[in-house]
Chemist: 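One structure coming up, written as C-alpha cells, with questions to follow.
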Amino acid sequence: MSKVIIPTPLRKFTAQTATVETSGATVAEAVQDLTDQYPDLRKHLLDDTGKVRSFIRIFVGDEDILALNREETVVENDTVISIVPAIAGG
Amino acid sequence: MSLVKNNTDIALLERINTLERFIGNTPLFPLQQVFQKEGVKLYAKLEWQQLGGSVKARPAFNIIKQAVQSGVLDTGKKLLDASSGNTGIAYATIGAALGIPVTIVIPENASEERKLILKSLGAELVYTSRFDATDGSQAKAKELFAEAPDEYYYADQYANDANWQAHYHSTANEVLQQTQGEITHFVTGLGTTGTFVGTTRGLKDLNPSIQSVALHPETALHGLEGWKHLGTAQVPNIYDATLADKNLTVTTGDGYDLIRLTANTEGLLLSPSSAANLAGAIEVAKELDHGVVVTMFPDNAEKYGEVLRQIIN
C-alpha cells in the first residue's frame with residue numbers, strides 16, 4: 001500500500017480525505033486504484049485514453065516522476081506519492 | 001516630524017505619478033494568421049509590454065497608488081500579498097522603484113525563474129505548501145498580517161477593489177479606443193478575476209451591447225498557470241459571476257497547442273494563460289458572422305521555460 005497525498009483542490013472529490021492508501025506496484029497502478037476508489041477524480045487526473053494527463057505533476061517522495069521512470073516508476077509499501085496542483089491565480 | 005513625513009509622502013506621490021506613464025497603454029495586436037474568417041476580426045492586448053512584464057502591472061500599480069494616497073502604505077511599511085508570481089513580480093518591480101519593501105507569499109513549487117526574478121527585485125519570499133496552491137498562500141498572508149499589522153500593508157489582491165478598478169479605468173478605455181469603438185466581444189480567463197470584472201464593467205458602461213465571455217480551466221488540475229478553477233478553489237471576493245454573458249472552458253491541451261502555432265505563424269511566444277485566452281477567443285470568433293473579438297495576452301513565454309521544453313520536445 002502506497003499513500004497518495006491529495007492536493008487541496010481535489011479534496012472535494014475525495015470527501016475531504018487528504019491521504020488515500022492505494023494498491024499497485026507503479027505510479028500508474030496506484031493512480032488507477034485511486035480513481036477506482038474515487039471515480040470523480042478520473043476526469044481531473046486521466047485523459048480520454050486513461051493515461052495521467054501530461055501536465056499533472058506527480059512526485060514520489062521528493063522526486064518528480066519525470067526525472068524517474070515516469071508513470072512506470074515503482075512504488076513500495078511505504079512510498080508517498082504526491083499530486084501537485086498548478087500555480088493558480090494572480 | 002509631520003513636515004518630514006509630508007515631504008516624504010509628496011516625493012513618493014511624485015514618483016508614483018512618474019511611474020504611471022509606464023503602466024498600461026499596451027498595443028492591440030491583430031491576429032491574422034491563427035484565425036481567419038471574413039467579417040470577423042480578432043485582436044489581443046500584448047500586456048507584457050509594460051513595467052514588470054505582465055498584465056499585473058495594472059492592478060499592482062493601482063493597489064499601491066490607492067494605498068499610498070489613502071495613507072495606509074509608505075516606505076516604512078512592507079507591502080504583503082499572496083501571489084502565483086506575476087502580481088508578486090509587479091509589486092516587487094513597483095516597490096523597488098518607490099522604495100517600498102515587498103513580501104510575497106507564494107507556493108513553494110513556483111518556478112525557479114519566478115523566484116529568481118522576485119529575489120533579484122529585492123522581494124522577501126515566504127513559501128507555502130505545494131499542495132495548497134495559492135489558497136494556502138492567501139491563508140498564510142492573512143496569518144502574517146494578523147501577527148504584525150503594524151509591520152505590513154496587506155494588499156489582498158483577491159478582495160481589493162483597486163484590482164478590478166485598474167482595468168475599469170484603463171483596459172476598457174484602451175480597448176474601445178484601439179478598436180475605434182467596434183469591439184463586440186471581450187474574452188478572458190479567470191485568475192483573481194480582476195481583468196474580467198474590471199474590463200467587463202468598464203466596457204458595458206461604455207457600450208452595454210458588448211458581450212463578455214469568461215474562460216475557465218476545464219479541470220481542477222491544469223497547466224494554465226494563473227488561471228483558477230473556481231469550482232474547487234477559493235472564489236475571489238471581487239468576482240461577480242453575473243457579469244459574464246457566456247462561460248466557456250478551455251483545456252490545457254488547447255492552450256499548449258496554440259503556443260507552438262502562434263509562435264510559428266504570428267511571431268508571438270505566448271505564456272500558457274495567453275494561449276488559453278486565444279483558444280477561447282477563437283471559439284467565440286468561430287461562432288460569429290460579423291464581429292470584433294478582443295482578448296488579453298497577460299504575459300509572454302519568458303518565465304515558462306519548463307512548459308516550453310515540454311511542448312517543443
Side-chain angles (χ1 to χ4, degrees), chain A residues 2-20 27-28 30-32 34-35 38-68 70-71 80-90, chain B residues 56 59-60 81-88 90 106-111 114 129-139 157-158 163 189-194 217-236 251-253 255-256 272-273 306-307 310-311:
Chain A
S2 50
K3 286 182 182 169
V4 181
I5 299 178
I6 309 297
T8 312
L10 289 186
R11 288 179 195 164
K12 182 178 179 181
F13 309 108
T14 61
Q16 296 305 318
T17 304
T19 306
V20 177
V27 168
V31 172
Q32 184 61 54
L34 174 69
T35 57
Y38 297 101
D40 289 343
L41 282 177
R42 194 164 288 134
K43 170 189 168 189
H44 299 277
L45 293 177
L46 306 178
D47 64 20
D48 294 341
T49 66
K51 285 198 163 186
V52 176
R53 291 179 184 273
S54 60
F55 52 84
I56 289 178
R57 307 297 298 273
I58 296 180
F59 287 70
V60 167
D62 290 329
E63 293 274 357
D64 190 329
I65 62 166
L66 294 178
L68 300 171
R70 296 179 179 257
E71 288 175 58
V80 176
I81 301 170
S82 314
I83 300 168
V84 178
I87 308 286
Chain B
K56 297 302 183 184
D81 209 349
S83 170
S84 64
N86 274 337
T87 308
I106 189 166
E108 63 184 343
N109 55 320
S111 74
R114 276 180 176 66
S129 166
R130 61 190 183 196
F131 301 115
D132 298 334
T134 39
D135 288 356
S137 303
Q138 272 182 264
Q157 60 166 326
Y158 303 93
N163 177 344
L190 302 179
T192 70
T193 75
E218 187 189 42
T219 49
L221 295 191
H222 57 85
L224 307 173
E225 278 195 30
W227 280 29
K228 257 181 186 279
H229 183 262
L230 297 185
T232 54
Q234 194 172 320
V235 178
T251 70
T252 299
Y256 283 13
S273 64
E306 221 167 83
V307 174
Q310 192 182 333
I311 292 169

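Labels below follow one simple rule: chain letters A, B, ... track the order of the sequence lines, proteins then strands, and each chain is numbered from 1.
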Chemist: Please tell me if the side chains of A:L10 and B:L221 come closer than 4.5 Å, counting only heavy atoms from C-beta onward.
Modeler: yes
Chemist: Under a 4.5 Å cut-off applied to non-hydrogen side-chain atoms, are B:R130 and A:P7 in contact?
Modeler: no
Chemist: Closest approach of B:A220 and A:P9, non-hydrogen atoms and distance?
Modeler: CB-O, 4.3 Å
Chemist: Between B:D132, B:V307, B:T193, which residue shows the highest count of heavy-atom pairs closer than 4.5 Å to chain A?
Modeler: B:D132
Chemist: Is there side-chain contact between A:I83 and B:F131, with heavy atoms separated by less than 4.5 Å?
Modeler: no
Chemist: Check whether any side-chain heavy atom of A:R53 sits under 4.5 Å from a side-chain heavy atom of B:T219, and report yes or no.
Modeler: yes
Chemist: Hey, which of B:I106, B:N86, B:T251, B:T232 has the most heavy atom pairs under 4.5 Å with chain A?
Modeler: B:T232
Chemist: Do side-chain atoms of A:K12 reach the backbone of B:A233 as a donor and acceptor pair under 3.5 angstrom?
Modeler: no
Chemist: What residues of residues 39-46 of chain A make heavy-atom contacts with chain B at a cutoff under 4.5 angstrom?
Modeler: A:K43, A:H44, A:L45
Chemist: In terms of heavy-atom proximity below 4.5 Å to chain A, should B:E306 be classed as side chain, backbone, both, or neither?
Modeler: side chain
Chemist: Kindly indicate whether the side chain of B:Q310, heavy atoms from C-beta on, has any atom under 4.5 Å from the side chain of A:S54.
Modeler: yes
